[in-house]
Engineer: 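Sharing a structure below in structure tokens format, with a few things to ask.
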Protein chains: 2
Amino acid sequence: MSWTVGELARLAGITVRTLHHYDRIGLVRPSARTSAGYRSYDGRDLDRLQQVLVYRELGFPLEEVGTLLDDPDADPAAHLRRQHRLLRDRLERTQAMVAAVEKEMEARTMGISLTPEERFELFGNGFSDEYQAEAEERWGDTDAWAQSQRRTSAYTKEDWVRVKTEAHDVQHRFAEVMRSGATADSAAAMDVAEEHRQHISRWFYDCPPEMHAGLGRMYVEDERFAATYEQVAPGLAQYVSTAVQANAGRQG
Amino acid sequence: MSWTVGELARLAGITVRTLHHYDRIGLVRPSARTSAGYRSYDGRDLDRLQQVLVYRELGFPLEEVGTLLDDPDADPAAHLRRQHRLLRDRLERTQAMVAAVEKEMEARTMGISLTPEERFELFGNGFSDEYQAEAEERWGDTDAWAQSQRRTSAYTKEDWVRVKTEAHDVQHRFAEVMRSGATADSAAAMDVAEEHRQHISRWFYDCPPEMHAGLGRMYVEDERFAATYEQVAPGLAQYVSTAVQANAGRQG
DNA sequence: GGAACAGCCTGACGTCGGGTCAGGGTCAAG
DNA sequence: CTTGACCCTGACCCGACGTCAGGCTGTTCC
């Protein structure tokens, strides 16, 4: 069985131009051409196109989709599992957004008005989107993640305020120690690292020193996490990372 | 209270460039400039930016966002209602995609191939009726194609022997329990259902009770899946479906 | 008070994922 | 053998920013 561009486009709900584009960039190539030069897609091409569309829908840039699909270590089942996980992430995030809108609607009907900052926290960004998506990607099927999800789902807004204040506090304590000239493996720095570890354990999930050391490495390896610390003070990401790992060594 | 571009960007989780862009196209304009020409955003600007970001997240082109927000007939509550509706739409759509991926995962484990139009269903939904006739004409006899499209997997032949033996085993245990007269929601039937769930989890993909319940529904709703069970014993598809859903209920 | 440095400004060009003609070949039906 | 639907390859266009470049501002630290 084979399809022309137009047929496939209708089937997949995309345009002919999109198929031309995917052909040109080598993302989905028709497995054959007719003598007249018409593109001819077969079943395996459909298969691939479907995968592409799911990843596209999930917001992946096409180039990355290509490398994902061309990875010889990833069989079809692996893609399905990954897509399933990503879709569930999205489901959760959307549910959170729906809940936030409902909350705001209710607040309005009751004459309570949320401050702009509160609304940004709920809706805006980072905490519920990027952080969560990234963290889940990393900790996807660990106990830690599950535990964190269970605990945080019960937190009230007041809890969150406290969590954030505390986190902010620890960050700035790190910055202070660094500015004081103490090295990252000094007792002072390690003490703050230990506070950091306990902050995580208290609010999110059980974080033993070993695991904490893993987080420390991530703080420099992953630029997004690094950026969070670099925003507070330049060089802080590396400093925190070293301090955290030194502290883990001290405990172990 | 007022914010500079950089501050607002960090607050909202966007870049400075994005704010410049929104200023230039007149979407979010700072309500003031400092004497040096710096942009200065106040609370109402922040408010507006938040609305913009929600609509953007929902996929609206910026120009349309502008006309929506500048509509004098649309009060804040109207925007909330609209956003709520759109978010619920997205929720439904995402749920449909999750279901589609789960269906495909299950199809693979059972060696069934979905038809192309079935797999693209969620992408072209609006017009699917229009092309249904064409698709059915094309795929009236889909068996040959289905069989030719048998999945390939990373398992060794020995693995497959074990997988199939196990699956076969579970099916026949279902049939036995049914023949014994136990109802589909009896403990005995649910126990087999649980084995079934664990079989899938062990060999194919992580299948939590909820997802298992979804599969259960599909076993009767989709005739191809139903046929697999009906072949073992008449009425088994419905029986398995009920048992699986009862078991999921028990777990939840 | 001046140097350093983060942060702000305005162009202006680049990129990604296609949309939209233009100019021309292909093919089944009538 | 014409008509109309469909296909081809350029080539340019667009939205929503990213990414310099070149230059001003303002705080901080000596």
Side-chain angles (χ1 to χ4, degrees), chain A residues 2-30 32-41 45 49 52-69 125 175-176 179-181 223-224 227 229-236, chain B residues 2-41 45 49 52-69 123 130-131 134:
Chain A
S2 73
W3 292 264
T4 67
V5 264
E7 288 164 352
L8 183 52
R10 267 181 298 178
L11 202 64
I14 59 180
T15 68
V16 169
R17 179 71 227 286
T18 299
L19 286 172
H20 284 175
H21 186 54
Y22 291 175
D23 185 2
R24 164 153 300 186
I25 67 175
L27 187 54
V28 182
R29 289 223 165 97
R33 295 272 187 150
T34 70
S35 56
Y38 285 23
R39 290 173 180 80
S40 176
Y41 295 88
D45 299 331
L49 176 60
V52 166
L53 293 181
V54 175
Y55 278 124
R56 181 185 75 165
E57 174 76 23
L58 285 166
F60 284 74
L62 297 185
E63 196 183 333
E64 201 169 335
V65 172
T67 66
L68 277 176
L69 292 180
N125 76 103
E176 261 173 49
R179 217 175 32 160
S180 81
E223 49 188 30
R224 272 164 303 185
Y229 285 102
E230 293 299 313
Q231 249 171 33
V232 178
L236 192 58
Chain B
S2 73
W3 292 263
T4 68
V5 262
E7 287 164 354
L8 183 53
R10 262 179 301 180
L11 203 65
I14 60 180
T15 68
V16 169
R17 179 61 173 91
T18 299
L19 286 171
H20 284 176
H21 185 55
Y22 290 176
D23 185 4
R24 164 154 300 187
I25 67 175
L27 186 55
V28 182
R29 288 224 165 96
S31 53
R33 295 270 187 153
T34 69
S35 57
Y38 285 21
R39 289 172 179 82
S40 175
Y41 295 88
D45 300 332
L49 176 61
V52 167
L53 293 181
V54 175
Y55 278 123
R56 182 186 75 165
E57 171 77 23
L58 286 166
F60 283 74
L62 297 185
E63 197 182 334
E64 202 167 335
V65 172
T67 67
L68 277 176
L69 292 179
F123 295 101
E130 199 175 323
Y131 299 114
E134 184 196 345

Engineer: Calculate the interatomic distance between A:E7 atom CD and D:dC6 atom P; express it in whole Å.
Structural biologist: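 In whole Å, D:dC6 P lies 10 Å from A:E7 CD.
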Engineer: Would you list the protein and nucleotides 21-26 of chain D atom pairs, both N or O, that sit under 3.5 Å from each other?
Structural biologist:
{"unit_1": "D:dT25", "atom_1": "O4'", "unit_2": "B:Y38", "atom_2": "OH", "d": "3.0"}

Engineer: Using a cutoff of under 3.5 Å, can you pull out all pairs of nitrogen or oxygen atoms linking the protein to nucleotides 15-21 of chain C, with atom names and distances?
Structural biologist:
{"unit_1": "C:dG17", "atom_1": "OP1", "unit_2": "A:L62", "atom_2": "N", "d": "2.8"}
{"unit_1": "C:dG18", "atom_1": "OP1", "unit_2": "A:R56", "atom_2": "NH1", "d": "3.1"}
{"unit_1": "C:dG18", "atom_1": "OP2", "unit_2": "A:Y22", "atom_2": "OH", "d": "2.6"}
{"unit_1": "C:dG19", "atom_1": "OP2", "unit_2": "A:T15", "atom_2": "OG1", "d": "2.7"}
{"unit_1": "C:dG19", "atom_1": "N7", "unit_2": "A:R17", "atom_2": "NH1", "d": "2.7"}
{"unit_1": "C:dG19", "atom_1": "O6", "unit_2": "A:R17", "atom_2": "NH1", "d": "2.7"}

Engineer: Identify, with sequence neighbours excluded, every residue that meets side-chain hydrogen bond (donor to acceptor under 3.5 Å, both in side chains) alongside A:Y55.
Structural biologist: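 Expected list: A:H79.
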Engineer: Does B:E7, at its CD atom, have more than 12 non-hydrogen atoms belonging to other residues, nucleotides or ligands within less than 6.0 Å?
Structural biologist: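 Yes, CD of B:E7 has more than 12 neighbouring heavy atoms, counting only those of other groups under 6.0 Å.
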Engineer: What is the distance from CD of B:E57 to P of D:dC17, rounded to the nearest Å?
Structural biologist: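 My rounded result for the distance is 12 Å.
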Engineer: Partners of B:H20 by side-chain hydrogen bond (donor to acceptor under 3.5 Å, both in side chains), sequence neighbours excluded?
Structural biologist: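 Per chain and number, B:H20 pairs via side-chain hydrogen bond (donor to acceptor under 3.5 Å, both in side chains) with B:R39.
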Engineer: With respect to the side chain of B:R33, which nucleotide from C:dT10, C:dC8, D:dC8 is positioned closest?
Structural biologist: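 Nearest nucleotide to the side chain: C:dT10.
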Engineer: Think A:H20 has a side-chain N or O under 4.0 angstrom from the OP1 or OP2 of D:dC8?
Structural biologist: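 Looking at the OP1 and OP2 atoms of D:dC8, one of them is under 4.0 Å from a side-chain N or O of A:H20.
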Engineer: Can you name the residues that form a ring pair (Phe, Tyr, Trp, His ring centres under 6.0 Å) with B:Y38, not counting sequence neighbours?
Structural biologist: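 B:Y38 satisfies ring pair (Phe, Tyr, Trp, His ring centres under 6.0 Å) with no residue once adjacent residues are dropped.
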Engineer: Sequence neighbours excluded, which residues qualify as ring pair (Phe, Tyr, Trp, His ring centres under 6.0 Å) partners of A:Y22?
Structural biologist: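 For A:Y22, no residue satisfies ring pair (Phe, Tyr, Trp, His ring centres under 6.0 Å) once neighbours in sequence are set aside.
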Engineer: Taking 4.0 Å as the cut-off, does a side-chain nitrogen or oxygen of B:R39 come that near to OP1 or OP2 on C:dC8?
Structural biologist: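 Answer no for this pair, as no side-chain N or O of B:R39 is under 4.0 Å from OP1 or OP2.
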Engineer: Between C:dG7 atom P and B:L19 atom CG, what is the distance in whole Å?
Structural biologist: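 It works out to 15 Å between those atoms.
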Engineer: Name all residues meeting the side chain to side chain contact (heavy atoms under 4.5 Å, CB included) criterion together with B:E64; count only those two or more places apart in sequence or in a different chain, and write none if there are none.
Structural biologist: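 Once residues adjacent in sequence are excluded, the partners of B:E64 under the side chain to side chain contact (heavy atoms under 4.5 Å, CB included) criterion are B:F60, B:P61, B:T67.
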Engineer: So, using side-chain hydrogen bond (donor to acceptor under 3.5 Å, both in side chains) as the criterion, who are the partners of A:R33 when residues are at least two apart?
Structural biologist: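 side-chain hydrogen bond (donor to acceptor under 3.5 Å, both in side chains) check on A:R33 returns A:D23.
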Engineer: Could you list the residues that satisfy side-chain hydrogen bond (donor to acceptor under 3.5 Å, both in side chains) with A:T34, not counting sequence neighbours?
Structural biologist: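 With sequence neighbours excluded, A:T34 shows a side-chain hydrogen bond (donor to acceptor under 3.5 Å, both in side chains) to no residue whatsoever.
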